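I have a structure here, written as structure tokens, and I will follow up with some questions on it.
None of these values were measured; they are calculated from a predicted model. Because only heavy atoms are used, hydrogens play no part in the values below, and waters and symmetry mates are left out as well, while side chains stay in. First the proteins, then the strands, lettered A, B, ... as listed; each starts at 1.
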Number of protein chains: 2
Amino acid sequence: MPVASPTDTKSELLEAAERLFAEHGIARSSLRAITREAGANVASVNYHFGSKEGLVKAVFAHRLEPLNRERLALLDRCLESAKGDPDLKCVLRALIGPALQMMRDREPGHKCFAQIMGRAFADPEERVRSILLDEFREVRERFTAVLAVILPQLSPEELFWRFHFMIGAMAHTAAGSFFVTRHSAGVVDPSEVEGMTLKLVNFLAAAMSAPATRSPRKTKKRKK
Amino acid sequence: MPVASPTDTKSELLEAAERLFAEHGIARSSLRAITREAGANVASVNYHFGSKEGLVKAVFAHRLEPLNRERLALLDRCLESAKGDPDLKCVLRALIGPALQMMRDREPGHKCFAQIMGRAFADPEERVRSILLDEFREVRERFTAVLAVILPQLSPEELFWRFHFMIGAMAHTAAGSFFVTRHSAGVVDPSEVEGMTLKLVNFLAAAMSAPATRSPRKTKKRKK
DNA sequence: GTCTATAGGTGGATAGAC
DNA sequence: GTCTATCCACCTATAGAC
């Protein structure tokens, strides 16, 4: 037999779920709506994925594994091409570029998944969080280790917080906030992903390179 | 008659809702759970707030109005104390400080609301978004105008994106991401709000001051 | 203002025919 | 593998007694 048809029910369900999760959120996308969107039967999700949770995990795994593999591959290329002295912007682009690129890709579902992922960082539902946490662990550890070498002036605590702030900016941007479409007043083009990525990398490179924060030793020091 | 008791049913409902919204999210907090938490009756929400949506709006209005008033007051103080030449960090602290301070305040509910607000920026539910959008509009316009004066080298487009990235970092931090508690490995103390605020302001001041991003004119230029 | 009881709807999951 | 029919838990909202 040939390879499985790319439009079989299981794939249709994955793509339909991705679209609806992006539009309405995971919790508010019912199995009935998903199966209707996929042109399949209500029982098909339980047949193919065991439960709604199984479907959610499948959607994340399907996109996050290639995404994180690409991040790590790009990081390796940064390390190779500049032996012992990796470039900060190269590393940041390896972390951020692949995620934002998903907002652009033509393949159906990709643009949507960037939104799902961006929102998942803020999702209060334990199961969604733990999926992202597991998938992201290796990426986090490897990038943190490299950044510690590039930015030796930062204490582990300060590096931790800067990484945290960086994730926030990235997630908010990947989520494609409503603010962009409603507040932009014609001044920006959210579909111009490459320019957006350049601006975010530029923004974060300056932020990560900032001098270490002085400890707030109650000395009431004046800034400026 | 004296002033209304501070522990009347309406206030109890507001505080109970805030706690549960922070812990489980708005959509997953049922009126049954909220009224049980408040020690009130299931019908009390509809009596006092008309509907669940009315309760949600009341929770947001109750916290966001004072929060945004404080932001604007602090911004005015930045402008006064340095006539014609406001300090960037002072302005950033006016925007960010009051929000992060909510994570610390002893008054019950405040810490929780920082989480709700942080997540609301990524919430796919239209009604939640529009509440935040309306409440945030004036703050956004005034801060953007002041930042345009402090950072004249930025085009409106670049300023727009930098403001966007900044909101992401702030919201993610205020939401008190699970990453902090699970990945910190004893290296940070999330309850140390003042140090966290200093670090975020320092991080963002460097980011906002970064040189304007070069336009990606297909010239395949090498960085570094 | 507060309560009980219930209406009216939607959710995930499954049994069993085909 | 796919479908229909159905179960049961849970939701918001309201009617009406107190």
Protein-nucleotide distance (His24(B), atom NE2; dC10(D), atom P), rounded to Å: 14 Å

Salt-bridge criterion met for Lys57(A) and Glu53(A) (N-O under 4.0 Å): yes

Minimum-distance nucleotide (side-chain atoms of Ala43(B) versus dA13(D), dT2(D), dC3(C)): dC3(C)

Rounded distance (Å) that lies between atom C1' of dG12(C) and atom CZ of Arg127(A): 11 Å

Whole-Å distance separating the CG atom of Asn46(B) from the C1' atom of dC3(C): 14 Å

Separation of dA13(C) C1' from Tyr47(A) OH (nearest whole Å): 16 Å

Whole-Å distance separating the NE2 atom of His48(B) from the C1' atom of dG1(C): 7 Å

Spacing of Lys52(B) atom NZ relative to dT14(D) atom P, expressed in whole Å: 15 Å

Nearest-nucleotide comparison on DNA chain D, the residue closer to the 5′ end among Gly39(A) and Arg32(A): Gly39(A)

Value in whole Å for how far the P atom of dT2(C) lies from CG of Asp8(B): 8 Å

Test applied, side-chain contact (heavy atoms from CB on, under 4.5 Å); reference residue, Leu147(B); option that passes from Met166(B), Arg162(B), Arg142(B): Met166(B)

Sugar-phosphate, base or nothing in reach of Ser30(B), heavy atoms under 4.0 Å: sugar-phosphate

Salt-bridge criterion met for Glu107(B) and Arg63(B) (N-O under 4.0 Å): yes

Contact check, side chains of Thr35(B) and Asn41(B), non-hydrogen atoms, under 4.5 Å: no

Distance, rounded to the nearest Å, where Phe49(A) contributes CZ and dG1(D) contributes P: 12 Å

Distance test, side-chain N/O of Ser44(B) to OP1/OP2 of dC3(C), below 4.0 Å: no

Separation of Phe113(B) CZ from His62(B) NE2 (nearest 0.5 Å): 10.0 Å

Touch class at under 4.0 angstrom, heavy-atom based, for Val42(A) against every strand present: base

Contact nearer the 5' end of DNA chain D, comparing Leu31(B) with Asn41(A): Asn41(A)

